[in-house]
Amino acid sequence: MNPEIEVGIALNDDFLVPDPARRRTLLARMEEVGLNHLTVGDHISFHGGAGFDGFVAATAALVASERLNVLMGVYLAGLRHPMATARQIATLSQLAPGRLTLGVGVAGEDRREVTNMGVDPASRGRRMDETLGLLRRLATGDVIDHDGEFFQLDGASILPAPETRVPIVIGGGGDVAVRRTVEYGDGWLGMWCSARRYAATHQQIVEGFEQSDRTGPSFAGLNIWVGLGEDADRARAALGDAMSSLYNLPPEKFQHISAAGTPDDVAEFIAPYVEGGARTITLIPISDSADEAVELSGQVRDRLRSLAPVS
């Protein structure tokens with residue numbers, strides 16, 4: 001595990017605008033303040049139709065910046081055919097080799113998003129496992145045959161195979177996420193958990209890799225919503241409004257797993273996650289503007305990187 005802390009942000013709709021110059025300006029400023037990556041999400045039709053395609057968003061970022069990495073966190077791979085996903089990975093690897101990390105999730109916060117894609121919600125986990133196994137095999141460039149519960153492949157291959165393999169990291173929580181990470185992933189991307197829960201899950205994954213004689217994990221990530229501003233109460237209120245609007249839940253549901261206030265306040269909240277093993281941290285910032293969010297997120301990065309690394 002690389003002990004160095006990497007910090008990035010998710011700009012969401014502020015990034016996906018029909019203005020290439022604006023995108024380049026935001027990404028350039030992210031580089032200037034020292035941020036390491038942009039995280040993009042993925043939803044097909046979330047809570048009434050919201051969302052954007054993760055691979056399209058990742059491509060827009062990778063071609064607009066020559067330095068920033070992109071973390072897809074998370075792509076709903078279980079709602080797509082693995083051959084199509086493998087082709088997207090290979091194509092994007094040609095454009096920006098070594099700069100993409102693919103986080104995957106099973107979906108489910110909006111049941112209709114799953115059923116409207118023709119997927120039985122009860123089968124999401126098994127479908128994801130089969131998908132992940134196929135993605136790892138297809139990444140080799142080998143010709144494969146497969147007769148599974150959900151997918152049948154006959155002499156399938158994806159060429160050219162990525163010269164630098166795209167890491168696959170697993171989103172979610174609990175024992176299932178641990179098992180899936182150990183079996184199929186390069187690491188875990190945590191969200192919606194306390195620092196204590198994060199540390200416990202990370203330790204389970206480390207032990208699982210050791211027991212399976214696997215090298216790694218090479219990735220330990222955390223996505224966390226934050227309200228950034230000089231007035232902590234105002235930042236908390238804005239954060240609660242934004243999260244409630246997206247997830248259709250009251251702000252109190254998120255208070256113990258999100259941070260608000262100045263960069264010092266936010267870094268202090270995240271520090272126990274770092275102590276628990278988190279190394280790739282994505283801030284999902286709510287601020288007065290995207291430009292302010294970038295500036296203040298850079299300051300959070302500086303505070304976090306000053307922490308002594310935990311071996």
Side-chain angles (χ1 to χ4, degrees), residues 10-13 15-16 37-62 70-93 100-136 138-139 148-151 158 166-174 176-181 183-193 219 221-225 243 246-249 280 282 284:
L11 291 174
N12 299 324
D13 294 339
F15 171 72
L16 293 172
H37 65 272
L38 176 74
T39 292
V40 299
D42 174 71
H43 273 294
I44 298 161
S45 180
F46 190 62
H47 286 314
F52 51 83
D53 183 272
F55 272 101
V56 174
T59 302
L62 289 168
V70 170
L71 165 63
M72 209 179 309
V74 293
Y75 186 68
L76 304 185
L79 302 187
R80 274 81 164 208
H81 196 289
M83 281 290 291
T85 301
R87 171 52 66 198
Q88 289 173 301
I89 293 171
T91 300
L92 198 46
S93 295
L100 174 69
T101 297
L102 178 65
V104 297
V106 296
E109 291 124 328
D110 182 354
R111 187 183 182 91
R112 287 182 180 176
E113 183 174 40
V114 179
T115 58
N116 284 337
M117 286 296 289
V119 174
D120 177 1
S123 73
R124 289 175 300 139
R126 301 194 312 279
R127 187 182 177 96
M128 176 62 82
D129 287 345
E130 189 171 340
T131 293
L132 290 170
L134 287 171
L135 289 179
R136 296 192 73 90
L138 289 166
E149 180 181 0
F150 303 100
F151 307 107
I158 296 292
V166 173
I168 297 178
V169 300
I170 309 300
V176 172
V178 172
R179 190 267 305 164
R180 189 168 286 137
T181 301
E183 290 186 14
Y184 301 107
D186 297 289
W188 176 56
L189 179 59
M191 192 173 181
W192 310 125
C193 62
F219 180 98
L222 171 72
N223 285 5
I224 183 167
W225 283 80
M243 297 182 74
L246 180 61
Y247 294 106
N248 293 335
L249 291 169
T280 301
T282 294
I284 308 173

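For this chain, numbers begin at 1 and follow the sequence in order. Values reported hereafter were calculated over all heavy atoms of this structure, with side chains retained and with hydrogens, waters and symmetry mates removed.
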Which of these passes side chain to side chain contact (heavy atoms under 4.5 Å, CB included) with Thr39: Thr101, Leu11, Thr282?
Thr282
Can you confirm whether Leu79 sits close enough to Val114 that some side-chain heavy atom of one is under 4.5 Å from a side-chain heavy atom of the other?
yes
Decide side-chain contact (heavy atoms from CB on, under 4.5 Å) for Val169 and Leu102; before the verdict, give the C-alpha distance in whole Å, the side-chain angles of both, and the deciding distance to 0.1 Å.
CA-CA 6 Å; Val169 300; Leu102 178 65; over 6 Å; no
What's the shortest heavy-atom distance between Ala177 and Gly171, and which atoms?
CB-O, 4.4 Å
Could you please spell out the steps behind the salt bridge (Lys or Arg N to Asp or Glu O under 4.0 Å) verdict for Glu183 and Arg179?
CA-CA 6 Å; Glu183 290 186 14; Arg179 190 267 305 164; 3.6 Å; yes
Audit row: Met83, Leu138, side-chain contact (heavy atoms from CB on, under 4.5 Å) steps and yes/no
CA-CA 8 Å; Met83 281 290 291; Leu138 289 166; 3.9 Å; yes
Heavy-atom closest pair, residues Gly103 and Leu71:
N-CD1, 4.4 Å
Quick one: does any side-chain atom of Trp188 pair with a main-chain N or O of Gly172 as donor and acceptor, under 3.5 Å?
yes
I would like to know whether Leu135 and Thr85 meet side-chain contact (heavy atoms from CB on, under 4.5 Å); could you show each step before the answer?
CA-CA 8 Å; Leu135 289 179; Thr85 301; 4.0 Å; yes
Quick one: CE on Met117 to CD1 on Ile44, what's the gap to the nearest 0.5 Å?
3.5 Å
Report the C-alpha distance between Ile284 and Met191 in whole Å, list the side-chain angles of each, state the deciding distance to 0.1 Å, and finish with yes or no for side-chain contact (heavy atoms from CB on, under 4.5 Å).
CA-CA 11 Å; Ile284 308 173; Met191 192 173 181; 3.6 Å; yes
For Ala77, which residues count as a side-chain contact (heavy atoms from CB on, under 4.5 Å) partner, sequence neighbours excluded?
Tyr75, Val104, Met128, Thr131
Check ring pair (Phe, Tyr, Trp, His ring centres under 6.0 Å) between Phe150 and all other residues, then give those that pass, not counting sequence neighbours.
none
Main-chain N/O of Ile168 paired with Asp186 side-chain donor or acceptor, under 3.5 Å:
yes
Among Leu132, Leu189, Val176, exactly one meets side chain to side chain contact (heavy atoms under 4.5 Å, CB included) together with Ile170. Which residue is that?
Leu132
Any side-chain heavy-atom pair from Thr59 and Leu92 closer than 4.5 angstrom?
yes
Is there a donor-acceptor pair closer than 3.5 Å between any side-chain N or O of Arg136 and the backbone N or O of Tyr184?
yes
Taking all non-hydrogen atoms of both residues into account, name the closest pair between Pro82 and Leu134 and its distance.
CG-CD1, 3.7 Å
In chain order, what residues pass the salt bridge (Lys or Arg N to Asp or Glu O under 4.0 Å) check against Arg180, with sequence neighbours excluded?
Asp129
Show me the donor-acceptor pairs, under 3.5 Å and distance only, between side chains in residues 45-58 and residues at least two apart or in other chains.
unit_1, atom_1, unit_2, atom_2, d
Asp53, OD1, Phe55, N, 3.0
Asp53, OD1, Val56, N, 3.0
Asp53, OD2, Arg80, NH2, 3.4

Indicate the atoms forming the closest heavy-atom contact of Ala61 with Val70, along with that distance.
CB-CG2, 3.7 Å
Between Arg126 and Ser123, is there a donor-acceptor pair closer than 3.5 Å when you use the side chain of the first and the backbone of the second?
no
Is the shortest side-chain heavy-atom distance between Ser93 and Leu100 below 4.5 Å?
no
Output every pair passing salt bridge (Lys or Arg N to Asp or Glu O under 4.0 Å) with a member in residues 105-121, not counting sequence neighbours, ordered by first then second residue.
none
